[in-house]
Protein chains: 2
Amino acid sequence: MLKQETLSKNQQIVLDYIEKVNEPIKAYSILHNLQKKGIKAPLQVYRALDKLVEIGKIHKIESRNAFVACKNSNCQISKATAFSICESCEEVSEISDSKLSKYLKNFQDKAGMKFNKYNLEFFGLCKKCSVK
Amino acid sequence: MLKQETLSKNQQIVLDYIEKVNEPIKAYSILHNLQKKGIKAPLQVYRALDKLVEIGKIHKIESRNAFVACKNSNCQISKATAFSICESCEEVSEISDSKLSKYLKNFQDKAGMKFNKYNLEFFGLCKKCSVK
DNA sequence: TACACAATGTTATATTATAACAATTAACAC
DNA sequence: GTGTTAATTGTTATAATATAACATTGTGTA
Ligand SMILES: [Zn+2]
Ligand SMILES: [Zn+2]
Ligand SMILES: [Zn+2]
Ligand SMILES: [Zn+2]
């Protein structure tokens, strides 16, 4: 079987919703908001999320247990992610900085471990919140 | 009141255990293993963990929902953490690399957001697992 | 002493995520 | 088309992670 080209029904429903809300959203919030589309059980959500993360359409914000659509249209690889997170308003944005990603991709652990993936989360105050 | 110098009873019990096991451990595993020390409810564990994280004695491995003792004896700040995680055996080690931490501390978001904290998790195969 | 705050104990509940199994659908080889 | 395989779905139940709420006790300080 060839690599999957198109998303399945549930995967597409979940992705459409995540892209629409355009901010990190939690699995059970997705569940509650997609009842009328036929998404009625946690597993329908988690299965779709798993696949969407795997193919890089969305990312998981680990420190928040939330999911957000990928903004780097060319971020096929879900293997090198970086986010900035406002600790006040919880705004999250995906960092797209080629120097940073190059630096991290090439980072060599002292133990000689070779990495194939990383996730970086920065925390601080966004512009709006830092003037308050 | 002055800044806390000593740990409370439960905090010390939990920290001792985390330092003893010397690998990432989950909250409910701590709970189950410290029953005879009087740790009988999740909150006793989570409160201790919260404080220990706050003062930098332990760190949370976000992608694993696990906690590990800080290895950088001078890592007072729990604000700049980096870990390598083996996706096969789940071995975790804290990265202590001054160039890396300097680079990340000084990283400037394009949006001008100033960060006061970050967490970085690298994933790959440890030496042992990569020869298998 | 009185006060403020940190820490504890306890019960209940909220939130996040997976197990297990049956049924259905899609892609491919022939 | 048929048969085969893998992906996807549906469903119920349960596991794993984490917090709310409130009463109580301990600890440092004035
Ligand atoms: Zn992305
Ligand atoms: Zn903000
Ligand atoms: Zn540390
Ligand atoms: Zn390993």
Side-chain angles (χ1 to χ4, degrees), chain A residues 1-18 21 23-68 87 90 92 119 121, chain B residues 1-18 21 23-68 87 90 92 119 121:
Chain A
M1 189 177 296
L2 290 176
K3 198 182 156 202
Q4 180 190 39
E5 303 281 324
T6 59
L7 296 175
S8 75
K9 186 183 59 154
N10 287 354
Q11 291 160 11
Q12 191 66 57
I13 290 170
V14 170
L15 177 59
D16 287 347
Y17 183 64
I18 296 178
V21 300
E23 63 183 19
I25 187 164
K26 287 165 169 267
Y28 275 75
S29 171
I30 294 170
L31 175 59
H32 295 141
N33 284 287
L34 291 179
Q35 298 275 336
K36 36 185 174 180
K37 300 260 183 184
I39 305 292
K40 289 171 183 159
L43 262 192
Q44 293 178 287
V45 176
Y46 281 104
R47 283 167 174 163
L49 290 174
D50 282 353
K51 173 62 81 172
L52 293 170
V53 166
E54 183 191 327
I55 64 179
K57 292 285 191 182
I58 67 172
H59 303 303
K60 182 173 187 182
I61 312 297
E62 292 286 359
S63 66
R64 300 299 187 259
N65 296 318
F67 300 84
V68 70
E87 290 184 300
E90 293 295 327
V92 169
N119 179 56
E121 297 182 3
Chain B
M1 188 178 296
L2 291 176
K3 197 183 160 203
Q4 182 189 36
E5 305 279 324
T6 59
L7 296 176
S8 74
K9 186 184 56 151
N10 287 354
Q11 290 160 12
Q12 191 67 58
I13 290 170
V14 170
L15 177 59
D16 286 347
Y17 184 64
I18 295 177
V21 300
E23 64 184 19
I25 187 165
K26 287 165 169 268
Y28 276 75
S29 171
I30 294 170
L31 175 60
H32 295 140
N33 283 286
L34 291 178
Q35 298 274 336
K36 37 186 174 181
K37 300 259 182 186
I39 306 292
K40 289 170 184 158
L43 263 191
Q44 293 177 288
V45 175
Y46 281 105
R47 281 167 175 161
L49 290 174
D50 281 352
K51 173 62 81 174
L52 294 170
V53 166
E54 184 192 326
I55 64 179
K57 292 284 191 183
I58 65 172
H59 303 303
K60 182 174 186 182
I61 312 297
E62 292 286 357
S63 66
R64 300 299 188 258
N65 297 318
F67 300 84
V68 69
E87 290 184 299
E90 294 295 326
V92 169
N119 179 55
E121 298 181 3

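Below, chains carry the letters A, B, ... as their sequence lines are ordered, and counting in each starts from 1.
- The distance between atom NZ of A:Lys37 and atom P of D:dT9, rounded to the nearest whole Å, is 15 Å.
- Looking at the side chain of A:Tyr46, the nearest of the listed nucleotides C:dT16, C:dT11, C:dT8 is C:dT16.
- In this structure, B:Lys51 places its NZ atom 10 Å from P of C:dT8, rounding to the nearest Å.
- To the nearest angstrom, C1' of D:dT17 lies 12 Å from CG of B:Leu49.
- Computed from coordinates, the B:Lys26 NZ to C:dT16 P distance equals 15 Å when rounded to whole Å.
- Taking atom CD1 of residue A:Ile13 and atom P of nucleotide D:dT8, one finds them 14 Å apart after rounding to whole Å.
- As a whole-Å value, the separation of B:Leu43 CG from C:dG9 P is 11 Å.
- Taking every heavy atom of both residues into account, B:Phe67 and B:Ile18 meet most closely at O-CG2, 4.3 Å.
- Closest contact between the side chain of B:Arg47 and the listed nucleotides D:dT9, D:dC22, D:dT17 involves D:dC22.
- Residue A:Asn10 has a polar side-chain atom (N or O) positioned under 4.0 Å from OP1 or OP2 of D:dG10.
- Rounded to the nearest 0.5 angstrom, B:Ile13 CD1 and B:Ile39 CD1 are separated by 4.5 Å.
- Between A:Glu23 and A:Val68, the closest heavy-atom pair is C-CG2, 4.0 Å.
- Listed pair B:Ser8 / C:dT8 meets the phosphate criterion, a side-chain N or O lying under 4.0 Å from OP1 or OP2.
- Comparing D:dT8, D:dG10, D:dA18 by their nearest atom to the side chain of A:Gln11 picks out D:dT8.
- Contact annotation: B:Asn65 side-chain N/O to C:dT16 OP1/OP2 distance is not under 4.0 Å.
- Looking at B:Tyr28, its side chain comes within 3.5 Å of the base of D:dA18 through a donor and an acceptor atom.
- For C:dG9, one of the phosphate oxygens OP1 or OP2 lies less than 4.0 angstrom from a side-chain nitrogen or oxygen of B:Lys9.
- Rounded to a whole Å, the CG atom of A:Leu31 is 15 Å from the C1' atom of C:dA14.
- Of all non-hydrogen atoms in B:Lys26 and B:Ala66, the two that sit nearest each other are CG-CB, 4.3 Å.
- Side-chain atoms of A:Glu62 never come within 3.5 Å of backbone atoms of A:Glu121 as a donor-acceptor pair (strictly under, hydrogens ignored).
- Among the nucleotides C:dA17, D:dA18, C:dC21, the one closest to the side chain of A:Lys60 is C:dA17.
- If you check every strand for non-hydrogen atoms under 4.0 Å, B:Lys40 touches nothing.
- Between the CZ atom of B:Arg64 and the P atom of D:dA18 there is a distance of 14 Å, given to the nearest Å.
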